[in-house]
Amino acid sequence: MKPSIPQGTRDFSSAIIKKRNYIFGTIRRVFELYGFEPLETPAMENIETLMGKYGEEGDKLIFKILNNGLNHPEKQSAALKDFENVLQGKTSKGISERALRYDLTIPFARYVAMNQGQLTFPFKRYQMQPVWRADRPQRGRYREFYQCDADIAGSSSLLHEIELALIYSAVFAELKLPVEIHINNRKILQALSEKCGGTSNMMNITIAIDKLDKIGIEKVKQELAERGLNNSQIKTVEKYISIEGDDDTCIADLSSLLGDIACAKEGISEMVEMLREVNRIMPSTKIRVNPSLARGLNYYTGTIFEVKAIGVEMGSLGGGGRYDDLTGLFGVKGIAGVGISFGVDRIYDVLEELNAFPENIQAGTTALIFNTGIDKQYLIYAATVLRNHQIACEIFHEPVKFDKQFKYADKKSIPFAIIIGEEEQANKTATVKNLKTGEQKAVPFSALPTIISA
RNA sequence: GAGGAUGUAGCUCAGCUGGUUAGAGCAUCUGAUUGUGGUUCAGAAGGUCGUGGGUUCGAGCCCCAUCUUCCUCCCCA
């Protein structure tokens with residue numbers, strides 16, 4: 001059998017993991033700086049926890065896990081019947097009762113609903129784990145990928161939106177990755193749909209305008225018509241998505257178009273406050289109002305975020321928003337939430353493309369102790385001394401000619417070679433060679449750690 | 001899920017209209033050099049041509065199926 005891995009999944013070599021850990025570390029540090037605490041949830045959830053939470057398309061992209069024991073003779077007729085349901089596109093607990101996590105937000109909501117009695121609210125958690133989607137793989141699109149989420153449950157304060165925007169800003173600034181944070185507010189979109197045939201139209205309108213960047217205004221209008229909007233409604237939407245310019249202009253235009261509707265007013269004033277605070281505290285942040293930002297996930301109710309890289313063609317690097325009643329889906333009313341997500345694999349791809357990873361993160365072994373054929377015990381002793389000084393080192397495994405040992409060090413980018421032969425052992429010295437400069441000198445054995453650390 | 005492209009040595013790729021023993025560069029290994037790497041030189045090794053079927057006297061090349069990767073749609077991180 002020829003070994004292979006499933007479509008859209010990847011193995012990660014040490015070089016990749018080191019770079020990815022650099023991204024994880026940066027995000028984790030900032031999350032903790034803002035008072036978030038870690039949480040991990042299982043890779044799989046009960047299927048009903050996930051189904052119906054991500055819209056019709058989302059349901060199709062959930063990886064379902066086949067139940068075990070379907071071939072048991074006693075269960076066969078039931079299994080056949082259940083399979084009929086599956087063939088009709090339904091789910092069936094008889095065939096599958098578990099599924100792989102599709103994102104981190106719904107498991108978080110489930111966790112909050114399950115543990116509401118024990119948690120201190122507002123509950124601020126961060127989570128960095130893989131998620132799975134049965135999507136067709138493409139550039140920047142995988143079937144298994146990591147998300148890093150920070151969410152707050154149990155508070156409607158706008159303070160959180162402001163802090164989450166600051167987190168985005170801080171993380172990407174630390175990664176030296178130029179991004180633009182787009183914001184909008186579902187309350188404004190709701191007002192727009194009220195003006196265009198009622199809130200039942202909201203899905204139709206948001207799906208269409210979300211594509212503006214990609215397909216242009218004419219095709220959006222066409223799609224709106226296909227989705228059943230009449231001419232005057234389309235005209236209103238066109239006015240809405242034509243709003244552009246700096247934030248003040250957008251805000252003013254939004255107010256004049258929708259300001260007479262209460263929920264639009266609310267949404268606009270939330271955006272104004274966010275922009276003011278974020279610009280005041282981190283003025284270098286590129287945060288901008290984007291009226292055509294809609295986001296497909298249907299649980300958002302207020303502020304919505306999306307992060308785009310500047311200068312690289314790539315889907316969003318992160319997204320999130322306010323959802324007023326997330327745990328309501330799990331029978332717990334009245335817990336509001338808001339959160340953001342980082343797409344680590346895409347951030348990785350962009351950093352790679354921009355060549356923006358710092359040099360020093362590849363550091364592995366610092367010193368290679370050459371195997372000169374002297375007593376192993378002495379080599380191990382030398383390594384132990386270095387390790388006790390927190391110097392990462394290894395001993396070459398065999399006493400072969402130096403040519404090979406040097407080449408090994410070279411390939412692994414080990415900066416120092418340490419040679420201790422019979423003579424050095426007798427003199428209590430060591431020969432240290434800096435492989436970058438080629439400089440070499442004999443030093444007292446006791447001075448070894450200091451020389452290498454310097 | 002629909003449509004399109006792709007797959008030849010570890011890597012990047014040649015390979016004519018279907019014709020004898022499938023090539024190059026880089027990397028690898030050996031030696032020149034048994035206590036001094038990166039350079040150089042000489043040599044060697046490396047392939048079920050993604051996989052399975054078919055057409056043919058003959059298939060890397062043509063046909064069918066299937067898988068991978070990439071692209072478009074859909075959706076998103």
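Scope of the values below: all heavy atoms of this structure, side chains included, with no hydrogens, waters or symmetry mates.
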Asks: Mind checking A:Leu317 for me? I need base, sugar-phosphate or nothing, with any heavy atom below 4.0 Å counting as a touch.
Replies: sugar-phosphate

Asks: To the nearest Å, how far apart are A:Lys60 NZ and B:C76 P?
Replies: 13 Å

Asks: Using whole Å, what does the distance between atom P of nucleotide B:U40 and atom NZ of A:Lys407 come to?
Replies: 11 Å

Asks: Using a cut-off of 4.0 Å on non-hydrogen atoms, how would the nucleic acid contact of A:Lys211 be classed: base, sugar-phosphate, or nothing?
Replies: sugar-phosphate

Asks: Would you classify A:Gln405 as touching base, sugar-phosphate or nothing, given that sugar-phosphate means primed atoms plus P, OP1 and OP2, and contacts are heavy atoms under 4.0 Å?
Replies: nothing

Asks: Who are the side chain to side chain donor-acceptor pair (under 3.5 Å) partners of A:Arg20, not counting sequence neighbours?
Replies: none

Asks: Can you tell me how far P of B:C73 sits from CD of A:Glu57, to the nearest Å?
Replies: 15 Å

Asks: Measure CD1/A:Ile106 against P/B:C76 and give the value in whole Å, please.
Replies: 14 Å

Asks: Does a donor on one side chain sit under 3.5 Å from an acceptor on the other, for A:Gln127 and A:Thr41?
Replies: yes

Asks: Based on Watson-Crick and G-U pairs with both distances under 3.5 Å, what dot-bracket line describes RNA chain B 5' to 3', crossing pairs as [ ] and inter-strand pairs as |?
Replies: (((((.(..((((.....[...)))).(((((.......))))).....(((((..]....)))))).)))))....

Asks: Need one value for A:Glu424: base, sugar-phosphate or nothing, where a base atom within 4.0 Å counts as base even if backbone is also close, heavy atoms only.
Replies: base

Asks: For the ring pair A:Phe330 and A:Tyr111, is the centre-to-centre distance below 6.0 Å?
Replies: no

Asks: Counting the atoms with a prime plus P, OP1 and OP2 as sugar-phosphate, which does A:Gly421 contact under 4.0 Å by heavy atoms, base, sugar-phosphate, or nothing?
Replies: base

Asks: Could you walk me through whether A:Lys221 and A:Glu238 pass the side-chain contact (heavy atoms from CB on, under 4.5 Å) test, one step at a time?
Replies: CA-CA 7 Å; A:Lys221 281 161 72 179; A:Glu238 185 179 4; 3.3 Å; yes

Asks: What's the closest nucleotide to the side chain of A:Ile207 if the choices are B:U36, B:G37, B:C75?
Replies: B:C75

Asks: Picking from B:A77, B:G37, B:U36, which would you name as closest to the side chain of A:Ser316?
Replies: B:A77

Asks: Between A:Lys404 and B:U28, is there a side-chain N or O to OP1/OP2 distance below 4.0 Å?
Replies: no

Asks: Quick one: is B:A27 close enough that its OP1 or OP2 comes under 4.0 Å of any side-chain N or O from A:Lys411?
Replies: no

Asks: Taking the side chain of A:Ser341 as its heavy atoms from C-beta onward, which of B:C75, B:A77, B:U33 lies nearest to it?
Replies: B:A77

Asks: Do A:Glu422 and A:Thr372 pass the side-chain hydrogen bond (donor to acceptor under 3.5 Å, both in side chains) test, and can you show the C-alpha distance, the side-chain angles, and the key distance before you say yes or no?
Replies: CA-CA 8 Å; A:Glu422 280 173 24; A:Thr372 51; over 6 Å; no

Asks: Taking any heavy-atom pair under 4.0 Å as a contact, classify A:Ile347: base, sugar-phosphate, or nothing.
Replies: nothing

Asks: Check this for me: does any side-chain nitrogen of one of A:Glu270 and A:Lys187 sit under 4.0 Å from a carboxylate oxygen of the other?
Replies: yes

Asks: So which heavy atom on A:Ala109 is nearest to which on A:Leu326, and how close?
Replies: CB-CD2, 3.1 Å

Asks: So which of residues 133-141 of chain A are in contact with RNA chain B, with a heavy-atom cut-off of under 4.0 Å?
Replies: A:Arg133, A:Asp135, A:Arg136, A:Gln138, A:Arg139, A:Gly140, A:Arg141

Asks: Name the closest nucleotide to the A:Asp410 side chain, picking from B:G35, B:C74, B:G38.
Replies: B:G38

Asks: Mind checking A:Glu223 for me? I need base, sugar-phosphate or nothing, with any heavy atom below 4.0 Å counting as a touch.
Replies: nothing

Asks: Is A:Glu84 paired with A:Lys81 through a side-chain N to carboxylate O contact shorter than 4.0 Å?
Replies: no

Asks: Would you mind classifying the nucleic acid contact of A:Gly373 as base, sugar-phosphate or nothing, using non-hydrogen atoms under 4.0 angstrom?
Replies: nothing

Asks: Expressed in angstrom and rounded to an integer, what is the separation of A:Met314 atom CE from B:C76 atom P?
Replies: 18 Å

Asks: Honestly, is A:Arg28 close enough over A:Tyr126, meaning NZ or CZ under 6.0 Å from the six-membered ring centre and within 45° of the axis?
Replies: no

Asks: B:U56 and B:G19: how far apart are their C1' atoms, nearest whole angstrom?
Replies: 12 Å

Asks: Would you classify A:Tyr142 as touching base, sugar-phosphate or nothing, given that sugar-phosphate means primed atoms plus P, OP1 and OP2, and contacts are heavy atoms under 4.0 Å?
Replies: base

Asks: Does OP1 or OP2 of B:U69 have a side-chain N or O of A:Gln7 closer than 4.0 Å?
Replies: yes

Asks: Using a strict cut-off of less than 4.0 Å between a Lys/Arg side-chain nitrogen and an Asp/Glu carboxylate oxygen, indicate whether A:Arg143 and A:Asp135 qualify as a salt bridge.
Replies: no

Asks: Take the protein atom CZ of A:Arg143 and the nucleotide atom C1' of B:A77, then report the distance between them rounded to whole Å.
Replies: 16 Å

